[in-house]
Amino acid sequence: MTGTADDERELATAFLHGEEPAFRELYRRHTPAVYGLVRRLVGGRHEDAEDIVQEMWLRAAQGLGAFRWQSSLRTWLTGIAVNLCRENGRRRARPPGEGNPESLALAPPLVDIDLERALATLAAGYRQVLILHDVWGMTHEEVGNALGIDAGTSKSQLSRARRALKERLLWASPRKEEAL
Amino acid sequence: MTAPQDELTPELAARLRRLAREEAPAPNLEERVVGALRAERGVASRRKPWTVRPVALGAAAATLIFVVGLGIGSRGRPSTSQPTELPRFALFLYEAPSSIGGGDEHVAEYKAWVREIAKRGRLITGEKLQDRGLLLSALGSEERLVESADGILSGYFVIQASSLVEALEVARSCPHLRHHGRISLRPIDPV
């Protein structure tokens, strides 16, 4: 539940004035949705997701005074979180099979994986585009804004991401080829 | 136009959409975030039974410096009493007379410690106290240096911890002890 826009503005104003209960209300409204997104964007790592959510709120606190409310608070927070996921991805050492998108075809076949594990093994850039577009329903313009790419790049990345995901699922469950 | 092989089947599309669900993070994440915000921005404590006065920190301060940035918020508003989830403890920091004069070089040390306990969701508030104060008694009041055989009460912290054992661990980690200070750890009575 996100509440009305006016309600959110009142809570945000109270938070800016140092009202802890107002912050806790905003936290409880938005963290579960953002956390669910972040955890998938970082490939399922709970610790990374929690660190990112914490940093998101710190950055939100710093930038909330300048927020113009041209989008919903949830969308704004999601944008901060997605940027942090990108920073996190650049800092971390890449696990085998992740990184150069062209190397995905050479990745060892994966056996007995479900959809979330398949997503977790995608290259970070593919995973982010696919999750934002196909899981969270963002348009390519919105995906582009969130990831700092243009809409055309988002479309081409999404095509490759879907292809890579289907490959992963196909190796995991060969009999389900028709469903892919 | 998307190539057919890049389209999603209805089944796969539906499976992906079902992933867009909320997830509750670890229960202690909220306290971690609040603690970090307190350290960074001075979010008002839930319990503010008295007016908090910002303390001027001069370079020549004779006592230790708290780099907390807390206590800056609403003045005079009634406390919004809400039950805390963890027991609270007060740490009263006493300066040993021999350590008076140490100041700026300890700032980074205290700052790091405050941020660490805030990050762990243990810090509630803290203030530096000025050297002079009034000692009141039933016989009237007198103004004299807040100084006794036990040393100068130079500041305090209020923390929350799961137990006295954890509170003791937090107190022991305070750099104040390394600078010959003393800390009085007192559980706060949740009346």
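Numbers restart at 1 for each chain; the letters A, B, ... are given by sequence-line order, proteins then strands.
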[atom1]-[atom2] distance between [X] and [Y], expressed to the nearest 0.5 angstrom:
| X | Y | atom1 | atom2 | answer |
| --- | --- | --- | --- | --- |
| A:Trp57 | B:Glu30 | CH2 | CD | 10.0 Å |
| A:Leu165 | B:Arg15 | CG | CZ | 8.5 Å |
| B:Lys119 | A:Gln54 | NZ | CD | 6.5 Å |
| A:Arg40 | B:Leu16 | CZ | CG | 10.5 Å |
| A:Arg29 | B:Glu22 | CZ | CD | 12.5 Å |

With the side chain counted from C-beta on, respond yes when [X] and [Y] share a heavy-atom pair under 4.5 Å apart, and no when they do not.
| X | Y | answer |
| --- | --- | --- |
| B:Leu37 | A:Phe15 | yes |
| B:Val33 | A:Thr31 | no |
| A:Lys166 | B:Leu12 | yes |

Residues 130-141 of chain A: residues contacting chain B (heavy atom under 4.5 Å, by number): A:Leu130, A:Asp134, A:Val135, A:Trp136
Heavy-atom proximity to chain B below 4.5 Å, by part of A:Leu158: neither
Which of A:Gly36, A:Ala161, A:Pro32, A:Ala33 touches chain B most, by non-hydrogen pairs under 4.5 Å: A:Pro32
Residues that A:Arg39 engages under side chain to side chain contact (heavy atoms under 4.5 Å, CB included), provided they are two or more places apart: A:Tyr35, A:His46, A:Ala49, A:Glu116, B:Glu23
Charged N-O contact under 4.0 Å between B:Arg32 and A:Asp51: yes
Region of B:Ala26 that comes under 4.5 Å of a non-hydrogen atom in chain A: both
